[in-house]
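As structure tokens, the structure follows; a few thoughts come after it.
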Amino acid sequence: MSVVHERATTRVALNDPLYAEVLGWLIDEAELLDRYQYDEWLSLVTLDVTYRLPVRTNVYVGEGDGISDYCHLDENHETLWVRVRRIVDNLGWAEDPPSRTKRFVSNLRVSVVDDNEVEALSYLWFTRSRGNLPNYETVACERRDRLRRDGESGRFKLASRDVIVDQTSLGITNLSFFL
Amino acid sequence: MSVKPMVAPQRPGARSVTLSDGTALDDLVRVEQRQVATRVQSDPEIFELELERIFDKTWVFVAHVSEIPNTGDFVTRYLGRDPVIVTRSDNGEVNVVLNVCAHRGSEVCRADHGNASTFQCGYHGWTYKNTGQLLGVPAQKVYYGKDFDKGKHGLKKARVGVSHGLVFATWNEDAPSLEEHIGETMAFYYDLIFNLTDDGMEVAGPPQRWTVKANWKIASENFAVDNTHPMTLHKFAFALDLLPKVETSDLNNLTLVSDPERGHAFMAGIIPPFEGIPEDQALDITFAILGIPEEMKPQVLARLQDPLKRKAFLKALPSICNLFPNFSIININLPTERGQQPFAIPHLVSIRMWYPRAADEMEIWSWTLVMKGAREEVKRIAALTSLRTFGPAGTFEQDDAWIWSGIQRGIGGLQGRKQINCYLSTVPLLDTDLPGTVRFGGTGDDTVLEFYSKWREMMLADGTTAGVNGSGTNGGGN
């Protein structure tokens, strides 16, 4: 099964209003997550959402990209809900006290899939400070998203996301957050 | 009240070990008094001794056979702190060779996995067969003349053993066989985890690797076995009604099985004991909870013909295990969604190796095993369940990782590391024909003390032997 969607081919220019709308959406999403407004974030994903963070391995040239079908995160709406409840209702220990995070969104490339859907490829630089530790835990990744217009509100919602991390061995304690 | 320990006494023939500040290791690990100092988890000097006296002497897990099914397949792993290449050679055997060029020490294989019958070092072009044998050196005659003996310059080979689909390796030529290391008790019970079906288990994907700043023994100890943390640490599952509420008294229904001589242990009892119901009904319920698909039940039944195996399957099916020193097993399938159909989760196994990167840091390697002979959709649900509940993002394991690193943060100071941890809980031995030392009741710390007892034995062992009871039987076959 292919992890990565086929690239859409109709690129949207940087000065196109559609580009600005998608960038604004991603920046607003980052704000929600950094502020731990996870229930609001969950309302921005479709009920049939797929959210994946594949395991990455180190392979020789000519052997593919090392992106596995097996994932660290491979979620649907319901399993995302469980994760949101863990954090918002303070049912876990990994995020109490909460981390302080920053999600830096950049390198956005938007393409049209069809009338209702766009593909958004963006880089994310994620920093997390936990407890009183002097060092940040960081993740650099590319998100490969499909955003779909909601029939009622006309606003975009996240229909699918593949998070492609660079690390094969993760340098972080746990993945108790969304990228 | 003094608590009488039920652990194997310290074995004779040990040498004393004194650390550089004059502390004797014996003062830190007094299993008979049920005392283990946290210093054993924080001291870099003890860590260096462990690399030499444990990881260089015993069998360490490196791969699952299904990761290298075809001739030429390879994966790169660690044996102790040493990088190794695990390969499947032409004769179908598994080889484990040091990933260090015999010429000048360069890294020979730089990828995580692939297929290659030979490996060429990028520095000077020395080329090795996947058995470690040196095949060729460019311009060999110019450099070394015609008397160069390639046979003396192969990649260092480790001894390899395969049991239950698990590949272990050791650098110790004098270690007992892998079979002896695992022992009859655990071999018997591991059949119930890995050998239930005709085709056995296979990996669902590559290992997940992530970093937890905690000593490897904090993890081993948790799996050797800590049954009293789930209600607190994994409280989310109960709060969201993913799991039925557990009373502390329910822990009395768990069973602990161990091999004290070897330091191995497991907890059984995710499946409740069956009293007074017919055996075939009990089997059906166990199959359902374990997640054996209907079409595979005949295979499992065929493998449970032995009455003792069947009894163990029903009364002592391993759920959480640790194989000394740093290989652990999770044989539980946990729910990931509200309203999940009871018994809808197929059988899955998570195997893990706690890689000792430093005294205060481990890298966790975790593999998901699924039933090789199952339908693809069954395997997919098993894989999804595993990664959603365990692994770096696992809803259960996320909390373990943070708590464990919290231990490490606290015990680094002079006062912290003088702490004697509390291992006072004990449960009674059970008189049974089931193999191993069996205790009825899940709250005991006895099996954890047995782990440290074995640890102490190896740390104090005479440098030339490394067997059970300090007796070094010669190496058996691979």
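First the proteins, then the strands, lettered A, B, ... as listed; each starts at 1. These numbers come from the heavy atoms of this one structure, side chains and all, not from hydrogens, waters or symmetry mates.
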Which atoms of [X] approach chain B - backbone, side chain, both or neither, heavy atom under 4.5 Å:
X        : result
Leu53(A) : neither
Leu73(A) : both
Asp89(A) : neither

Exercise. Look at Ala214(B), Gly205(B), Ala239(B), Ala111(B) and state which one has the largest set of heavy-atom pairs under 4.5 Å with chain A.
Key: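 Option with the greatest count: Ala111(B).
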Quiz item: Taking every heavy-atom pair that is under 4.5 Å apart, which of Thr211(B), Thr76(B), Ile364(B), Thr368(B) has the most such pairs with chain A?
Solution: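 Of Thr211(B), Thr76(B), Ile364(B), Thr368(B), Thr211(B) has the most heavy-atom pairs under 4.5 Å with chain A.
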[X] versus chain A, heavy atoms under 4.5 Å apart: side chain, backbone, both or neither?
X         : value
Ser405(B) : side chain
Glu363(B) : side chain
Ser366(B) : neither
Arg110(B) : both
Leu233(B) : both

[atom1]/[X]: more than 12 non-hydrogen atoms of other groups inside 6.0 Å:
X         : atom1 : result
Tyr123(B) : OH    : no
Arg35(A)  : CZ    : no
Lys157(A) : NZ    : yes
Tyr36(A)  : OH    : yes
Arg155(A) : CZ    : no

Exercise. Flag the one option from Glu75(A), Arg130(A), Glu63(A) with the top tally of heavy-atom pairs under 4.5 Å to chain B.
Key: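 The option with the most such pairs is Arg130(A).
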Practice problem: Specify which of Asn90(A), Thr168(A), Leu170(A) makes the most heavy-atom pairs with chain B at under 4.5 Å. | Solution: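 That would be Leu170(A).
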Practice problem: Answer yes if the side chains of Gln167(A) and Arg209(B) hold a donor-acceptor pair under 3.5 Å, and no otherwise. | Solution: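 No, because no side-chain N or O of Gln167(A) sits under 3.5 Å from a partner of the opposite role on Arg209(B).
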Self-check item: Modelled atom types, side-chain donor and acceptor of Glu337(B) and Asn76(A), under 3.5 Å
Solution: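 A pair is found: one side chain offers a donor N or O, the other an acceptor, under 3.5 Å apart.
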Working to the nearest 0.5 angstrom, can you tell me the gap between [X] [atom1] and [Y] [atom2]?
X         : Y         : atom1 : atom2 : value
Thr232(B) : Trp93(A)  : OG1   : CH2   : 6.5 Å
Ser169(A) : Arg357(B) : OG    : CZ    : 5.0 Å
Asp112(B) : Asn58(A)  : CG    : CG    : 4.5 Å
Arg83(A)  : Thr336(B) : CZ    : OG1   : 9.5 Å
Trp81(A)  : Leu240(B) : CH2   : CG    : 5.0 Å

Practice problem: For Arg409(B) and Leu133(A), run side-chain contact (heavy atoms from CB on, under 4.5 Å): C-alpha distance rounded to whole Å, both residues' side-chain angles, the deciding distance at 0.1 Å, then the answer. | Solution: CA-CA 10 Å; Arg409(B) 283 189 291 279; Leu133(A) 298 172; 3.8 Å; yes
Quiz prompt | Proximal to chain A - members of residues 381-393 of chain B, heavy-atom separation under 4.5 Å | solution =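 Checking residues 381-393 of chain B against chain A gives Ala383(B), Leu384(B), Ser386(B), Leu387(B), Arg388(B), Pro392(B), Ala393(B).
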Answer yes or no: is there a side-chain heavy-atom contact under 4.5 Å between [X] and [Y]?
X         : Y         : result
Pro207(B) : Tyr70(A)  : no
Val59(A)  : His113(B) : yes
His72(A)  : Trp210(B) : no

Practice problem: Just do the side-chain contact (heavy atoms from CB on, under 4.5 Å) check on Val82(A) and Phe236(B) with the steps written out, would you? | Solution: CA-CA 9 Å; Val82(A) 169; Phe236(B) 86 96; 4.0 Å; yes
Quiz item: Which is it for Trp402(B) and Asn174(A) under the side-chain contact (heavy atoms from CB on, under 4.5 Å) test, yes or no, and what are the steps along the way?
Solution: CA-CA 8 Å; Trp402(B) 185 242; Asn174(A) 54 32; 4.1 Å; yes
Practice problem: Run the numbers on Glu95(A) and Gln398(B) for side-chain contact (heavy atoms from CB on, under 4.5 Å), then give the verdict. | Solution: CA-CA 9 Å; Glu95(A) 289 296 329; Gln398(B) 283 179 33; 5.8 Å; no
Quiz item: Taking all non-hydrogen atoms of both residues, which atom of Asp399(B) and which atom of Ala94(A) are closest, and how far apart?
Solution: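 Nearest heavy atoms, Asp399(B) then Ala94(A): OD1-N, 2.8 Å.
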Quiz prompt | Residues Arg380(B), Asp69(A): salt bridge by 4.0 Å N-O rule | solution =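 A salt bridge is absent here (no side-chain N lies under 4.0 Å from a carboxylate O).
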